[in-house]
Amino acid sequence: MDTQSTFTVSFYVRNDKKDKQGEVPVYMRVTVNGRRVEISTNRKINLSNWSSSGKAKGYKSEIKEFNNYLDLLRSKIYDIRSQIIQRDEIVTAQKIKNEFLGLGKRSKTVNEVFDYHNQRIKELVDQEYSNSTYKRYVTTQKHVNDFLIYRYNIKDIHLNELTHEFITEFEYYLKTVRKCNHNSTAKYIKNFKKIINIAFKNEWLDKDPFANYSIKIKEVNRGYLEQYELNEIENKEIGIERLEIIRDAFVFSCYTGLAYVDLASLTPESITTGIDGSIWIKIFRTKTDIASNVPLLPKAIEIIKKYKNHPLAISRNQVIPVPSNQKVNAYLKELASICGIDKNLTFHLARHTFATTVTLANGVSIESVSHMLGHKNIRTTQIYAKVSEQKVSNDMLKLKEKFSSHDKAKRKNKS
């Protein structure tokens with residue numbers, strides 16, 4: 001708890017409620033960080049006996065008793081504030097008022113709901129969720145906890161203490177302290193919002209702090225390889241087996257669109273005969289559990305045959321014996337250097353290349369590409385649909401030829 005927050009207790013009278021006897025009600029005002037609440041003292045005083053300093057004036061015994069009562073109320077407010085600090089909670093004026101009036105009820109905390117949610121996700125890993133999904137929520141919880149300590153010096157917070165300001169401050173923290181880019185920030189907040197939504201639907205929370213808050217993912221230009229770059233990687237002679245396996249796995253993804261997690265779990269049983277009699281991959285994507293059915297291109301079939309009898313592939317029951325994702329991306333940096341590719345070679349770049357250079361640029365419909373990528377809706381696929389410069393060049397060349405033929409025909413008719 002931030003003990004440096006501003007905190008005052010004062011008393012005032014309501015002149016607008018003066019009765020026929022000239023008495024006015026006395027109220028107590030509690031202010032924390034500029035936010036205040038008013039609490040009735042259930043006492044009245046003659047307006048002539050009230051001092052602008054916030055207490056009764058005079059020397060009569062009843063005046064002294066009145067001021068002692070106000071001091072008792074002030075002391076009780078300070079005690080409540082101390083108790084809140086000792087509980088390692090955020091002090092708010094409303095919380096003090098609720099506890100003073102006996103209305104304060106203990107709500108669940110953010111970490112209690114995170115733990116509830118994350119444990120369920122963990123138990124359903126490999127059934128309904130991937131381990132990476134579970135890890136994302138664990139990381140989100142860690143960011144929220146780090147923010148609580150950084151901003152408020154507390155380890156947890158009650159749900160009913162969450163405000164719109166808390167959300168916006170968390171966003172600012174992620175971008176400035178954690179150095180997250182906009183889209184990473186938006187994803188963490190989206191995860192946090194899901195946790196709060198669970199609490200709201202279960203009626204553990206009185207008001208949704210996300211009600212007037214929104215943050216959107218910004219569309220980014222997703223990198224991909226041009227055909228000549230893909231050819232360079234395909235045809236490069238590599239004398240190091242570990243890099244050759246990574247190169248083949250990367251190229252395989254360029255021709256199938258598989259994400260790393262799906263390729264790593266791809267077994268020979270997933271290679272089957274399609275409705276057209278050719279070889280297909282038929283899987284359900286780990287990330288979304290959406291079907292991804294891909295007719296295999298010759299290059300992909302060639303790579304499958306290459307590793308059919310590889311000892312590691314057989315022992316692991318993998319089509320291609322890829323190492324961990326971390327090692328794959330590290331080895332891809334070596335591969336980029338060897339092949340002279342001046343791009344950040346990551347496994348996801350292969351998926352983008354499949355969507356852009358291999359399929360869309362060669363006239364495959366976006367609907368078919370969306371199905372092969374295993375996307376839930378076509379809007380996701382449209383992010384990948386960045387037509388290569390070569391495709392633009394080819395299309396414009398055809399248009400020039402069409403105009404040229406048209407002009408020749410016109411001249412011929414004139415002659």
Side-chain angles (χ1 to χ4, degrees), residues 222-238 243-286 290-310 313 318-322 328 332 335 339 341 343 345-375 378 380-381 383-391 393-395:
R222 297 178 180 268
Y224 59 88
L225 295 179
E226 297 286 358
Q227 188 62 55
Y228 75 90
E229 293 172 312
L230 177 54
N231 293 341
E232 183 65 32
I233 293 174
E234 281 185 50
N235 300 324
K236 188 70 175 179
E237 289 290 335
I238 299 174
L243 290 183
E244 188 170 345
I245 291 174
I246 298 307
R247 185 270 302 278
D248 291 340
F250 180 84
V251 170
F252 186 80
S253 180
C254 287
Y255 285 101
T256 61
L258 293 189
Y260 166 80
V261 66
D262 295 317
L263 177 57
S265 59
L266 187 67
T267 65
E269 290 73 30
S270 300
I271 311 299
T272 184
T273 302
I275 59 171
D276 57 357
S278 62
I279 302 174
W280 288 48
I281 287 176
K282 292 189 176 183
I283 61 168
F284 283 87
R285 288 199 64 207
T286 304
I290 300 294
S292 175
N293 301 323
V294 186
L296 293 184
L297 294 167
K299 185 65 181 181
I301 295 173
E302 180 185 320
I303 293 172
I304 289 175
K305 290 179 179 178
K306 179 177 178 179
Y307 290 95
K308 184 177 181 180
N309 297 314
H310 192 285
Q318 290 177 305
V319 171
I320 303 174
V322 289
V328 165
L332 282 174
L335 183 65
C339 297
I341 303 297
K343 288 182 179 177
L345 219 57
T346 65
F347 212 87
H348 218 56
L349 189 74
R351 187 167 164 83
H352 300 169
T353 300
F354 172 77
T356 308
T357 304
V358 174
T359 55
L360 291 170
N362 286 301
V364 179
S365 71
I366 196 168
E367 292 81 7
S368 293
V369 175
S370 183
H371 177 75
M372 288 187 285
L373 289 173
H375 285 161
I378 205 163
T380 307
T381 316
I383 297 173
Y384 292 84
K386 306 298 180 184
V387 182
S388 69
E389 291 181 4
Q390 187 60 52
K391 177 68 165 67
S393 175
N394 291 342
D395 288 346

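These numbers come from the heavy atoms of this one structure, side chains and all, not from hydrogens, waters or symmetry mates. This one's a predicted model, so the numbers in the text were calculated from it and none came from an experiment. Numbers here are sequence positions counted from 1.
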Trace of the salt bridge (charged side-chain N to carboxylate O under 4.0 Å, His left out) decision for Lys305 with Glu302: CA-CA 5 Å; Lys305 290 179 179 178; Glu302 180 185 320; over 6 Å; no
Would you say Tyr255 and Glu234 are linked by a side-chain donor-acceptor pair, where the criterion is simply a distance under 3.5 Å? yes
Side chains of Thr272 and Ser270 in contact at under 4.5 Å (non-hydrogen atoms): no
Could you tell me whether the side chain of Met372 reaches within less than 4.5 Å of the side chain of Pro295, counting heavy atoms only? yes
Is a donor on one side and an acceptor on the other found under 3.5 Å between the side chain of Lys343 and the backbone of Tyr224? yes
Scanning both residues in full, the closest heavy-atom pair of Arg247 with Ile233 reads NH1-O, 2.9 Å
Do the side chains of Phe250 and Leu332 get nearer than 4.5 Å, heavy atoms only? yes
Side chains of Ile283 and Leu266: closer than 4.5 Å at any heavy-atom pair? yes
Do the side chains of Leu345 and Leu225 get nearer than 4.5 Å, heavy atoms only? yes
Would you mind reporting whether Leu335 and Ile238 have side-chain heavy atoms less than 4.5 Å apart? yes
Distance, nearest 0.5 Å, that separates CD1 of Ile320 from CD1 of Ile245: 9.5 Å
Between the main-chain N or O of Leu258 and the side-chain N or O of Ser253, is there a donor-acceptor pair closer than 3.5 Å? yes
Going from OG on Ser292 to NE2 on His371, what distance comes out if it is rounded to the nearest 0.5 angstrom? 7.0 Å
Measure the spacing between OG of Ser368 and CG of Leu373 and express it to the nearest 0.5 Å. 11.0 Å
Derivation and outcome, salt bridge (charged side-chain N to carboxylate O under 4.0 Å, His left out), residues Glu269 and Lys282: CA-CA 9 Å; Glu269 290 73 30; Lys282 292 189 176 183; over 6 Å; no
For residues Leu296 and Thr256, report the shortest heavy-atom separation together with the two atoms involved. CD2-CG2, 3.7 Å
Would you call Ile271 and Trp280 a side-chain contact if the rule is heavy atoms closer than 4.5 Å? no
Can you tell me how far CD1 of Ile303 sits from SG of Cys254, rounded to the nearest 0.5 angstrom? 9.0 Å
On a heavy-atom basis, the closest approach of Asn362 and Thr357 is ND2-O, 3.1 Å
For residues Tyr307 and Pro321, determine if any side-chain heavy atom of one lies less than 4.5 Å from a side-chain heavy atom of the other. yes
Okay, side chain of Thr356, backbone of His352: is any donor-acceptor separation there less than 3.5 Å? yes
Write down the atom of Gln318, the atom of Pro268, and the distance for their closest heavy-atom approach. C-CD, 4.4 Å
Check whether any side-chain N or O of Thr353 sits under 3.5 Å from a backbone N or O of Leu349 as a donor-acceptor pair, and report yes or no. yes
Closer than 3.5 angstrom, by distance alone: can the side chain of Arg285 be matched with the main-chain N or O of Ile290 as a donor-acceptor pair? no
Smallest heavy-atom separation, Val322 atom then Ala264 atom, equals CG2-CA, 3.8 Å
Output yes when a side-chain donor or acceptor of Thr381 lies under 3.5 Å from a complementary backbone atom of Ile366, and no otherwise. no
How close do Phe252 and Ile304 get, heavy atom to heavy atom, and via which atoms? CE1-CG1, 3.6 Å
